[in-house]
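First the proteins, then the strands, lettered A, B, ... as listed; each starts at 1.
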Number of protein chains: 2
Amino acid sequence: MQSKYPAGRLPEPPNPIADDGDETRFCGTCAFSSACIAAGYDKPELAELQCLVEHVGPFRAGEHIFRTGDPFRAIYAVRGGTVKTRMVDKEGREQVLGFYLPGEVIGLNAIYPEHFPCDAVALDTAFFCRFSFPAMSALASRVPAVQKHLFRMLSKELGTASLLAGDHSADERVAAFLMDLAGRYAARGFSPTRFHLSMSRGDIANYLRLAAETVSRVLSRFRAQKLIGIEGRELELLDPVRLRAIGQALLPD
Amino acid sequence: MQSKYPAGRLPEPPNPIADDGDETRFCGTCAFSSACIAAGYDKPELAELQCLVEHVGPFRAGEHIFRTGDPFRAIYAVRGGTVKTRMVDKEGREQVLGFYLPGEVIGLNAIYPEHFPCDAVALDTAFFCRFSFPAMSALASRVPAVQKHLFRMLSKELGTASLLAGDHSADERVAAFLMDLAGRYAARGFSPTRFHLSMSRGDIANYLRLAAETVSRVLSRFRAQKLIGIEGRELELLDPVRLRAIGQALLPD
DNA sequence: CGCGGGGCTTGATCGGGATCAAGGCGGCGC
DNA sequence: GCGCCGCCTTGATCCCGATCAAGCCCCGCG
């Protein structure tokens, strides 16, 4: 659990931050940025966007952003930190649905049921932009770019959901998982070859439908084969080309 | 491949049907019915809806409604028949993504990439309502009910995509598959306890990430246990309560 | 009519990954 | 400091479902 805070200093409990004085900077990596820019920082729509967005956080590792069954009122864009979504069945078994990095959006799967169908749990200290969904829908009716953006985000997530579907070997899954993360970090301007895994081996395993021991073994083998460097949760991709080849059946293109 | 047509008589090649004189009847089972009704059959919006919808079909078993890579211009509501969507990787291995029954909609996962990411193949003789997506988006901007309906359909499909994700036994998967189909037939007004499986054992197995032999064995065992009656592709659910219990980990609620 | 092919079923064997088990490492509280 | 606990790694064994194999049924076709 790395923290961006000095050791011992606990961050504030989660609550809206009316204005952190830094919209433009973090918005550059945000999934909504193009919608926000389309709405126009210099146009009247900006005022409306400001009304419907709230900055919330920080949440610390293990804290819930929302819980299964909570009424759906808003979607959340990750501003910083990492989140996992998960379902817990009635026998208490956890099922990890996805990991979300800065700039990505959680809560879209709650629109239809009108209640969150899963938990969202912070994996490290995390911050969010909270968008009231009724307000967002109303805005989308008036601003086609916002509507288009929502459609695209929903459709995009449909595509990623079907990635996990296939029956593939543990090697393929792990390689594809690492390359997927790398691509998503790259898309947000982070290094695609060196990054920190915010999630435990157990979470990775659960997400990939493997046992934690299997993930551990595969990572060890990849290290022995000089495909990656890994120490704890610090990862370096040493041979992205070969990794991509291993995971290709699960990766786009 | 059973056909609804007299043997030997080939149906017309797929093409738009301007008016089959029966909108109200088939629209009752259509996924868009609430949106259509909201738009109002007695209001000016009806005219716009009529402009953006085309009736296409019939497609015969094995024919493609769209193919991977086709430019995305429209979504399709199934009016009659059954469809599978599938991806084919570069080694030629097929991956079945889903089955679609009358009243359900295909093509939503193409919005983001702007090209269809999968094939849609008719499993029996099938008909569709084809909705131009640009026109649909424009209409959604003016008619909130249409926009809401699109959001809900997208979100709903997100939920079903995560159903397959878990690592579950063959029994659980097959039981959940049968109960899911039953529920969807029931929602459209068909019998939930007796229906025809339009897809082969191989397709079911591929969809559930099992081998065809495994599906066959599970179905035989379910029959021996008096959970189902099955002969070829004709299915009867004899003990839905127990089936639901077996598949519960994969089923909603 | 015989033939061939695809879909389905059933039996036998095999293997990848789950599970069980043990031990190491590091952080934290007392 | 010490002990505890969670996370991670590595080894040994087991089991479910894949794979290989054979045969059946049905149907279309020469």
Side-chain angles (χ1 to χ4, degrees), chain A residues 1-3 7-10 60-62 84 93-96 121 123-124 164 166-175 177 196-224 228-235 246 249, chain B residues 1-3 5-10 60-62 84 93-96 121 123-124 164 166-175 177 196-224 228-235 246 249:
Chain A
M1 318 277 175
Q2 100 291 18
S3 170
R9 273 293 292 118
L10 296 184
R60 280 169 298 159
K84 71 172 172 183
R93 286 175 306 205
E94 181 176 2
Q95 164 93 255
V96 174
V121 182
L123 294 175
D124 45 27
L164 265 292
D167 65 328
H168 296 282
S169 71
D171 283 20
E172 288 177 292
R173 284 172 195 273
V174 174
F177 173 73
H196 177 84
L197 298 171
S198 318
M199 65 296 288
S200 71
R201 302 288 192 273
D203 281 339
I204 296 172
N206 187 306
Y207 175 66
L208 297 177
R209 322 306 159 198
L210 298 169
E213 294 92 329
T214 303
V215 170
S216 190
R217 276 184 249 271
V218 172
L219 290 175
S220 297
R221 188 150 29 79
F222 281 0
R223 176 172 44 200
I228 62 173
I230 188 167
E231 191 180 330
R233 297 187 178 184
E234 294 305 322
L235 179 72
I246 294 172
Chain B
M1 310 290 174
Q2 97 296 12
S3 169
Y5 292 93
R9 272 291 294 118
L10 297 184
R60 279 168 299 159
K84 71 172 172 183
R93 286 174 307 205
E94 180 176 3
Q95 167 94 257
V96 174
V121 182
L123 293 176
D124 45 26
L164 267 292
D167 66 327
H168 297 282
S169 71
D171 283 20
E172 288 177 292
R173 284 173 195 273
V174 174
F177 173 72
H196 179 83
L197 298 171
S198 318
M199 65 295 287
S200 71
R201 303 287 192 273
D203 282 338
I204 297 172
N206 187 306
Y207 175 66
L208 297 177
R209 322 308 159 197
L210 298 169
E213 294 92 329
T214 302
V215 169
S216 190
R217 275 185 249 272
V218 173
L219 290 176
S220 296
R221 189 150 28 80
F222 281 0
R223 176 172 44 199
I228 61 173
I230 188 166
E231 190 180 330
R233 297 187 178 183
E234 293 306 320
L235 180 71
I246 294 171

Query - Nucleotide C:dT19, atom P - distance to CG of A:Leu210 in whole Å - result: 11 Å
Query raised in the report: Does any N or O donor sit under 3.5 Å from an N or O acceptor when you compare the side chain of A:Glu213 with the base of C:dC20?
Result: yes
Query raised in the report: Does B:Leu210 reach the side chain of B:Val218, with side-chain heavy atoms less than 4.5 Å apart?
Result: no
Query raised in the report: Is the distance from OP1 or OP2 of D:dG6 to the nearest side-chain N or O of A:Ser200 less than 4.0 Å?
Result: no
Report summary line: Between B:His168 and A:Asp203, whichever has its closest DNA chain D nucleotide further toward 5' is A:Asp203
Report task. Round to a whole Å and report the spacing from CG of A:Leu208 to P of C:dG16. Result -> 19 Å
Query raised in the report: CZ of A:Arg221 versus C1' of D:dT10: gap in Å, rounded?
Result: 13 Å
Report task. Would you mind telling me which of D:dA12, D:dT19, C:dC8 lies closest to the side-chain atoms of A:Arg217? Result -> D:dA12
Query raised in the report: In whole angstroms, how far is the P atom of C:dC8 from the CG atom of B:Asn206?
Result: 13 Å
Query raised in the report: Within the structure shown, what part of the strands sits under 4.0 Å from B:Arg209 by heavy-atom distance: base, sugar-phosphate, or nothing?
Result: sugar-phosphate
Report summary line: Rounded to whole Å, the CD1-P distance (B:Ile230 to C:dT10) equals 11 Å
Query raised in the report: To the nearest angstrom, how far is B:Arg173 atom CZ from D:dC16 atom P?
Result: 15 Å
Query raised in the report: Backbone N or O of A:Ser216 within a donor-acceptor pair of the A:Ser220 side chain at under 3.5 Å?
Result: yes
Report task. Would you indicate what A:Ala211 reaches in the nucleic acid, counting non-hydrogen atoms under 4.0 angstrom: base, sugar-phosphate, or nothing? Result -> base
Report task. May I ask you to evaluate whether B:Arg233 reaches the phosphate of C:dC8, defined as a side-chain N or O under 4.0 Å from OP1 or OP2? Result -> yes
**Report entry** Side chain of A:Thr214 - closest among C:dA18, D:dC8, C:dG7
**Finding:** C:dA18
Query raised in the report: How would you label the contact of A:Gly202 with the nucleic acid (heavy atoms, under 4.0 Å): base, sugar-phosphate, or nothing?
Result: sugar-phosphate
Report task. Round to a whole Å and report the spacing from CG of A:Leu235 to C1' of D:dC8. Result -> 15 Å
Query raised in the report: What does B:Leu219 touch in the nucleic acid at a heavy-atom separation under 4.0 angstrom: a base, only the sugar-phosphate, or nothing?
Result: nothing
Report summary line: Between A:Asn206 and the options A:Gln95, A:Lys84, A:Arg93, the side chain to side chain contact (heavy atoms under 4.5 Å, CB included) test singles out A:Gln95
Query raised in the report: Is there side-chain contact between A:Arg201 and A:Arg233, with heavy atoms separated by less than 4.5 Å?
Result: yes
Report task. For the residue pair A:Met199 and A:Val96, establish whether any side-chain heavy-atom pair is separated by less than 4.5 Å. Result -> no
Query raised in the report: Considering only side-chain heavy atoms of A:Ser216, which listed nucleotide, D:dT19, D:dT10, C:dG17, is closest?
Result: D:dT10
Query - Between C:dG16 (P) and B:Asp167 (CG): distance, integer Å - result: 18 Å
